[in-house]
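Reviewing the structure listed below.
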Amino acid sequence: MEGLGRREFELVLLRRMADFHPDRVRAALDVLGATPAEARAAHARWQRISHSRAFRGDLQRYTAVLGPPAAQREEALGDLAVVRRWWPLGRLWPDLGWQLVSLREGATVHSELVRLSGEPALPEDPRELEPWSCVVRDAARAYPVLEQGEGDATSRWYAIGAGPGRPWRAVFVWGLLQVVDDPPPGRPLSRG
């Protein structure tokens with residue numbers, strides 16, 4: 001797709017992360033050799049692609065921008081038969097990739113950044129996690145997560161866990177950790 005490739009897709013992902021870490025996003029723009037104006041232009045192009053009738057679904061959109069998936073696997077997700085597809089991204093997160101989970105018929109179930117290689121060394125206490133140090137699955141494997149779900153936007157996800165010490169909430173954007181803080185007041189924290 002002319003004007004929109006992997007680098008620009010990373011710029012699109014950064015847009016929502018700037019809500020949490022504008023300084024970190026500015027540093028990432030420098031790594032990519034991009035200006036804020038280029039990031040805004042990439043986001044505008046992505047929005048046009050996302051709403052275009054020329055693309056019949058997310059798979060066609062991502063393939064146009066990122067190329068063919070580097071890998072894919074069919075599996076069961078509860079009662080659903082799904083296909084997971086992965087694309088490596090590159091400069092900002094070399095050990096991460098973009099994952100699209102869709103039904104065999106093509107409808108998207110979920111998409112996010114996931115770990116493609118390696119395992120991060122995570123602290124014992126999730127409150128000590130650094131922004132951008134892990135993805136949703138890393139946190140779920142390392143800590144006792146009591147609840148997970150979509151946040152206040154489709155790009156956001158949260159996990160709530162217990163201990164050590166008091167309960168915590170991790171907020172992710174496109175699957176990448178942004179912040180660990182306290183759960184919202186009055187949130188029931190029980191297993192089950």
Side-chain angles (χ1 to χ4, degrees), residues 1-18 24-25 27-120 131-141 148 150-151 153-157 172-178:
M1 166 86 23
E2 186 175 327
L4 198 61
R6 288 173 199 248
R7 174 182 174 267
E8 291 76 19
F9 186 70
E10 286 183 304
L11 294 175
V12 170
L13 297 178
L14 287 171
R15 183 173 174 91
R16 289 293 126 224
M17 295 179 195
R24 191 176 282 266
V25 168
L29 292 178
D30 289 343
V31 168
L32 293 173
T35 65
E38 285 178 284
R40 285 190 299 275
H43 184 264
R45 284 193 303 271
W46 178 253
Q47 289 303 310
R48 283 193 300 276
I49 290 168
S50 295
H51 296 95
S52 170
R53 293 183 184 184
F55 298 96
R56 287 177 280 146
D58 288 338
L59 177 58
Q60 191 179 24
R61 239 184 312 280
Y62 290 123
T63 301
V65 172
L66 301 173
Q72 71 179 50
R73 180 178 69 226
E74 290 191 29
E75 61 183 55
L77 182 63
D79 293 339
L80 299 175
V82 300
V83 181
R84 290 185 187 270
R85 293 176 177 90
W86 298 274
W87 290 265
L89 290 180
R91 297 189 62 191
L92 291 181
W93 307 291
D95 53 343
L96 302 182
W98 188 252
Q99 175 183 255
L100 175 67
V101 180
S102 57
L103 300 177
R104 285 186 186 150
E105 300 80 32
T108 297
V109 175
H110 188 68
S111 55
E112 67 181 342
L113 288 165
V114 295
R115 186 159 308 282
L116 295 179
S117 63
E119 280 191 38
W132 298 12
S133 63
C134 69
V135 295
V136 171
R137 186 170 286 183
D138 296 335
R141 286 180 179 161
Q148 292 185 54
E150 194 171 283
T154 56
S155 60
R156 294 185 184 174
W157 191 259
F172 300 83
V173 171
W174 299 124
L176 189 62
L177 178 71
Q178 301 300 308

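Computation of the quantities below employed the complete heavy-atom set of this structure, encompassing side-chain atoms and omitting hydrogens, waters and symmetry-equivalent molecules. Bear in mind the structure is a predicted one, so any value in this text is a computation, not a measurement.
E38 contributes a side-chain N or O that, together with a main-chain N or O of T35, makes up a donor-acceptor pair within less than 3.5 Å. When atom types are taken as modelled, the side chain of R6 and the backbone of R91 share no donor-acceptor pair closer than 3.5 angstrom. No donor-acceptor pair under 3.5 Å is formed between the side chain of R85 and the backbone N or O of S102.
Side-chain contact between M17 and R24: absent, with no pair of heavy atoms (C-beta onward) separated by less than 4.5 Å. Counting heavy atoms from C-beta outward, R48 and S52 have side chains that stay 4.5 Å or more apart. Proximity of E150 to W157: side-chain heavy atoms (C-beta onward) are separated by under 4.5 Å at one or more points. Residues Q60 and T63 form no side-chain contact, since every pair of their non-hydrogen atoms from C-beta on lies 4.5 Å or further apart. Using a 4.5 Å heavy-atom threshold, the side chains of P120 and R115 count as touching. Between V82 and L103, the closest side-chain pair of non-hydrogen atoms falls below 4.5 Å.
Between the CG atom in L14 and the CD atom in E8 there is a gap of 12.0 Å [rounded to 0.5 Å]. Taken from CD1 in I49 to CG in L4, the straight-line distance is 4.5 Å, to the nearest 0.5 Å. Here R61 contributes atom CZ and L66 contributes atom CG; the two are 12.0 Å apart, rounded to the nearest 0.5 Å. With rounding to the nearest 0.5 angstrom, the CG atom of L177 is 5.0 Å from the OG atom of S133.
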(request) Test L89 against L113 for side chain to side chain contact (heavy atoms under 4.5 Å, CB included), laying out the working first. (result) CA-CA 9 Å; L89 290 180; L113 288 165; 3.4 Å; yes

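Closest approach of L29 and A39 over heavy atoms only: CD2-CB, 4.0 Å. Nearest heavy-atom pair across A34 and L11 is CB-CD2, 3.7 Å. Contact between R7 and G33 at its shortest, heavy atoms only, is NH2-O, 3.0 Å. The minimum heavy-atom distance linking L13 with W93 is given by the pair CD1-CZ3, 4.2 Å. Annotation for V173 and Q178: closest pair CG2-CG, 3.5 Å, computed over non-hydrogen atoms. Nearest heavy atom pair, residue S155 against residue R16, reads OG-CG, 3.6 Å.
No more than 12 heavy atoms of other residues, nucleotides or ligands lie within 6.0 Å of CD in E119, so this atom counts as exposed by the packing criterion.
Between W87 and Q99, the side chains place no donor N or O within less than 3.5 Å of an acceptor N or O (distance only, hydrogens not considered).
Taking the six-membered ring for Trp and thresholds of 30 and 60 degrees, F9 and W46 have ring planes more than 60 degrees apart, a perpendicular arrangement.
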